[in-house]
Amino acid sequence: MKEFLFTDWSDDMDNVRVRFAPSPTGSLHIGGARTALFNWLFARNRRGVFILRLEDTDTGRNLEEAVTQIESNLRWLGLDWDEGPDVGGPLGPYCQSERSELYQREAQRLLENGHAYRCYCTPEELAQQREEARKRGEVPRYDRRCCELDEEVCRAKEAAGIRPALRIKVPRTGTTVVSDLIRGKVSFDNTTLDDIVIQKSNGGPTYNFACVVDDHAMQISHVIRAEEHLSNTPKQIVIFKLLGYDLPAFAHVPMILAPDRSKLSKRHGATAVEEFRTEGFLPEAVVNYLALLGWSPGDEQEQMMVEEIKSRFNFEAVSKHAAIYDVKKLTWLNAQYLNALPLSRVVEAAFPFMQEAGYIGDTPDSGELEYLTRVVETVRSRVHTLVELCDASRYFYRSDFEYDEKGVRKHFTKQDVTRLLAKGREALAGVPADQFTVAETEKAYRKVIEGLKISGGALFHPTRLALSGRTVGPGLFDIVATLGRNECLSRIDQAIDWIHSQLA
RNA sequence: GGCCCCAUCGUCUAGCGGCCCAGGACACCGCCCUCUCAAGGCGGAGACACGGGUUCGAGUCCCGUUGGGGCUACCA
């Protein structure tokens, strides 16, 4: 009801329909994810429709697994779609491999009205033609030798088993202008557009053709995609016009480059959304980071939840130049979210990692859950990822750790360290179990320090090492209170024994 | 090679002619806080690619150069 009251229905007149159209050749990398995000942000911002479409026209390189990967990664990021292969929709199907009839029908139309022609040249012949043109110092361009073939010649070729490709007879005069929401007007001389192949000899559509037919059929209002497609756009516009379609609006977003300024690829380390997930990044942080890569809210705010990004997103604030991704900043953002998000959310996100490590079972009871929450609360402020969080939690679940070697030398080799530890143990033992809090245990320890006239560190450091095996970590009494009385006492005993046996 | 896009600190960016001897964030360095490590606070170093114009005045507009990226497939 509330939403209804604040809805600006005038925006609905725009009828925004956008699509993310990946080719299922591999995992979703951050470039694709960012393109999807911008589409989604725009759709949600304008109360439009976000569509997922699979560009799987190249049967030779489709991985079934890639589809589920892409879908699962988009869902993980929180980018939900209104129409798509799995959910269907009024203008489906949403896999190009299932729409061949449409492409063939539209290609046939172009053939019949003379805008397209059959080309019997083989790839080898075309390569040779290009090579020759290059040798002559000319711009390699198809010479249209198949353009005016007689019907008989065609029939003869086909009788000989040669299947034709279909080409568009692109006008060789004039210019084609791309009106881009981010870059303004970009014009291309039509002579630089070669005769576009729209149908391969195997009968399948080419990317540039299927894309145009589908964008029209699916009533796409805004084509938002990576900049690498800007050069394809004039070709697509020619097809749009020849087919009698209205043009959608175009927005070419800058690309995301690897640290060495080259196009993203697997050898650049973690670039797939899946990897970020397994490395312990939160979707909230990844979305925030990706939004900042190429878009800026205009002020100095950087940490924004998706709702806010959504409400502030617009193309005017999208930059024109490519960006290089920097894991360090993502890592920082992730740490920020680890601390800013509600504890329950972080626990939920940490859950699978803790399970994987064997710290919690498949069906944890409320006690386990309570303890997990406590552990996450005490370690989350000093870790950057869920993997780190899991690692930093280890000693809360295992007491079989080794003592840090440097720590042993520094804190366990002192003359009377076992006496000190025993004093500390005694102090903790004196705190009633139901009062075993950070404040009370610290109070007890401070009393020991005062009585012995020693520095705090002299007691704190050996105790931390005894309890966790580590020299770094949360505040000592956060560890103490989380671990609980019995565990603390037994670990101190264990440490005293160890020192006696190892360092006597 | 041809065509197209782009160009502010190492990285992400603010800047849409005077408010900029250029602001923020990450990373880096120093100090503070402190039981350790983080976090946090404070401070530091660090950029308008270059050359011409236009203008009283240019990071901001125009041209060129250089550099980077993309496209140039019967890949998408």
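Keep in mind that what you see is a predicted model, and the values were worked out from it rather than measured. Residue numbers begin at 1 in each chain, while the letters A, B, ... track the order of the sequences.
Side-chain to base pairing of Arg464(A) with C35(B): one donor and one acceptor N or O lie within less than 3.5 Å of each other. Donor-acceptor pairing under 3.5 Å, judged by distance alone, is absent between the side chain of Thr192(A) and the base of C3(B).
Counting non-hydrogen atoms under 4.0 angstrom, Gln336(A) reaches the backbone sugars and phosphates but no base. At the heavy-atom level, Arg380(A) lies nowhere under 4.0 Å from the strands shown. Across all strands, Ser296(A) comes closer than 4.0 Å only to sugar-phosphate atoms, never to a base (heavy-atom distances). Backbone-only engagement by Leu292(A) is indicated by non-hydrogen atom pairs under 4.0 Å involving sugar-phosphate atoms exclusively. Cys121(A) comes within 4.0 angstrom of a base, heavy atoms only. Residue-level contact check: His252(A) touches neither bases nor backbone, having no heavy atom under 4.0 Å from any strand. Nucleic acid contact class of Thr463(A) (heavy atoms, under 4.0 Å, all strands): none.
With salt bridges taken as basic N to acidic carboxylate O contacts below 4.0 Å, none links Asp194(A) and Arg130(A). Salt-bridge annotation for Lys135(A) and Glu132(A): absent, with no side-chain N of the basic residue lying under 4.0 Å from a carboxylate O of the acidic one.
Taking only side-chain nitrogens and oxygens, Ser319(A) comes nearer than 4.0 Å to OP1 or OP2 of U13(B). In terms of phosphate contacts, Arg446(A) brings a side-chain nitrogen or oxygen within less than 4.0 Å of OP1 or OP2 of C35(B). Between Gln236(A) and A76(B) there is no side-chain N or O to OP1 or OP2 distance below 4.0 Å. A sub-4.0 Å separation between OP1 or OP2 of U13(B) and a side-chain N or O of His321(A) is present. Between C75(B) and Lys200(A), a contact under 4.0 Å exists linking OP1 or OP2 to a side-chain N or O. OP1 or OP2 of G1(B) has not a single side-chain nitrogen or oxygen of Arg134(A) nearer than 4.0 Å.
Taking atom CG of Asp194(A) as the reference point, atom P of A73(B) lies 7 Å away to the nearest angstrom. Atom NZ of Lys185(A) is separated from atom C1' of C6(B) by 20 Å (rounded to the nearest Å). Rounded to whole angstrom, the span from the CG atom of Leu230(A) across to the P atom of C71(B) amounts to 11 Å. In this structure, Lys235(A) places its NZ atom 12 Å from C1' of A76(B), rounding to the nearest Å. Nucleotide C71(B) holds its P atom 21 Å from the CG atom of Asn190(A), rounded to whole Å. Distance Phe250(A) CZ to C4(B) C1': 15 Å, rounded to the nearest Å. In this entry the distance linking NE2 of His229(A) with P of U72(B) reads 10 Å, nearest Å. Rounded to whole Å, the distance from CD on Glu131(A) to C1' on U72(B) is 15 Å.
When the P atom is compared between G23(B) and G43(B), the two are found 14 Å apart, to the nearest whole Å. For the P atoms, the distance linking G24(B) with A47(B) amounts to 14 Å, nearest Å. The same atom, P, is picked in G57(B) and in C3(B); the two are 36 Å apart, to the nearest Å. Atom name P, nucleotides C16(B) and A7(B): the rounded distance is 16 Å, in whole Å. Distance noted for atom C1' between U72(B) and G15(B): 36 Å (whole Å). Rounded to whole Å, the separation between the P atoms of C6(B) and U13(B) comes to 15 Å. Comparing A76(B) with C62(B), their C1' atoms are spaced 38 Å from each other, to the whole Å. Using atom C1' as the reference point in both C9(B) and C71(B), the two lie 32 Å apart (nearest Å).
To the nearest 0.5 Å, atoms CG (Leu77(A)) and CG (Leu282(A)) are separated by 11.5 Å.
Asn208(A) and Thr206(A) are not linked by any side-chain donor-acceptor pair at a separation below 3.5 angstrom, with hydrogens and angles left out of the test. Side chain to side chain, Asn232(A) and Tyr207(A) fail the donor-acceptor criterion of an N or O pair below 3.5 Å. Defined by atom type and a distance below 3.5 Å, a donor-acceptor pair is missing between the side-chain atoms of Gln96(A) and Asp56(A). No side-chain donor-acceptor contact under 3.5 Å links Tyr337(A) and Gln303(A).
In the set G24(B), C35(B), C4(B), the nucleotide with an atom closest to the side chain of Val186(A) is C4(B). Distances from the side chain of Glu227(A) to the nucleotides C5(B), A25(B), U36(B) place C5(B) closest. Side-chain atoms of Val472(A) lie closest to U36(B) of the nucleotides U36(B), A25(B), G23(B). For Ala323(A), the side-chain atoms get nearest to C12(B) when compared with the rest of C74(B), C12(B), A25(B). In the set C3(B), A27(B), G68(B), the nucleotide with an atom closest to the side chain of Phe188(A) is C3(B). For Arg382(A), whose side chain is taken as the heavy atoms from C-beta onward, the closest listed nucleotide among A38(B), C71(B), C74(B) is A38(B). Taking every side-chain heavy atom of Asp326(A) into account, G10(B) is the closest of C4(B), G68(B), G10(B).
Counting heavy atoms from C-beta outward, Arg172(A) and Asn190(A) have side chains that stay 4.5 Å or more apart. Arg34(A) has its side chain within reach of Pro254(A): a pair of non-hydrogen atoms, C-beta onward, lies under 4.5 Å apart.
Both distances falling under 3.5 Å, in either a Watson-Crick or a G-U wobble arrangement, occur for no nucleotide opposite C37(B). Pairing for A49(B) goes to U65(B), judged as Watson-Crick or G-U wobble with the two contacts each under 3.5 Å. Across all strands shown, U55(B) remains unpaired; no Watson-Crick or G-U wobble contact has both distances below 3.5 Å. Summarising the base pairing, C19(B) is matched to no nucleotide, lacking a Watson-Crick or G-U wobble pair whose two defining distances lie under 3.5 Å. The nucleotide C28(B) finds its pairing partner in G44(B), both defining distances of the Watson-Crick or G-U wobble pair being shorter than 3.5 Å. In this entry G1(B) has U72(B) as its Watson-Crick or G-U wobble partner, both defining distances falling under 3.5 Å. When both distances must be under 3.5 Å, the Watson-Crick or G-U wobble mate of U60(B) does not exist.
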| request: Apply side-chain contact (heavy atoms from CB on, under 4.5 Å) to Arg225(A) and His252(A), showing your working. | output: CA-CA 5 Å; Arg225(A) 64 205 347 174; His252(A) 288 92; 3.1 Å; yes

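Summary of the strand contacts: Ile182(A) and Arg163(A) both lie near RNA chain B, and taking for each the nucleotide with the nearest heavy atom, the more 5' one is attributed to Ile182(A). Taking the nucleotide of RNA chain B with the nearest heavy atom to each of Val139(A) and Gly473(A), the more 5' of the two is matched to Val139(A).
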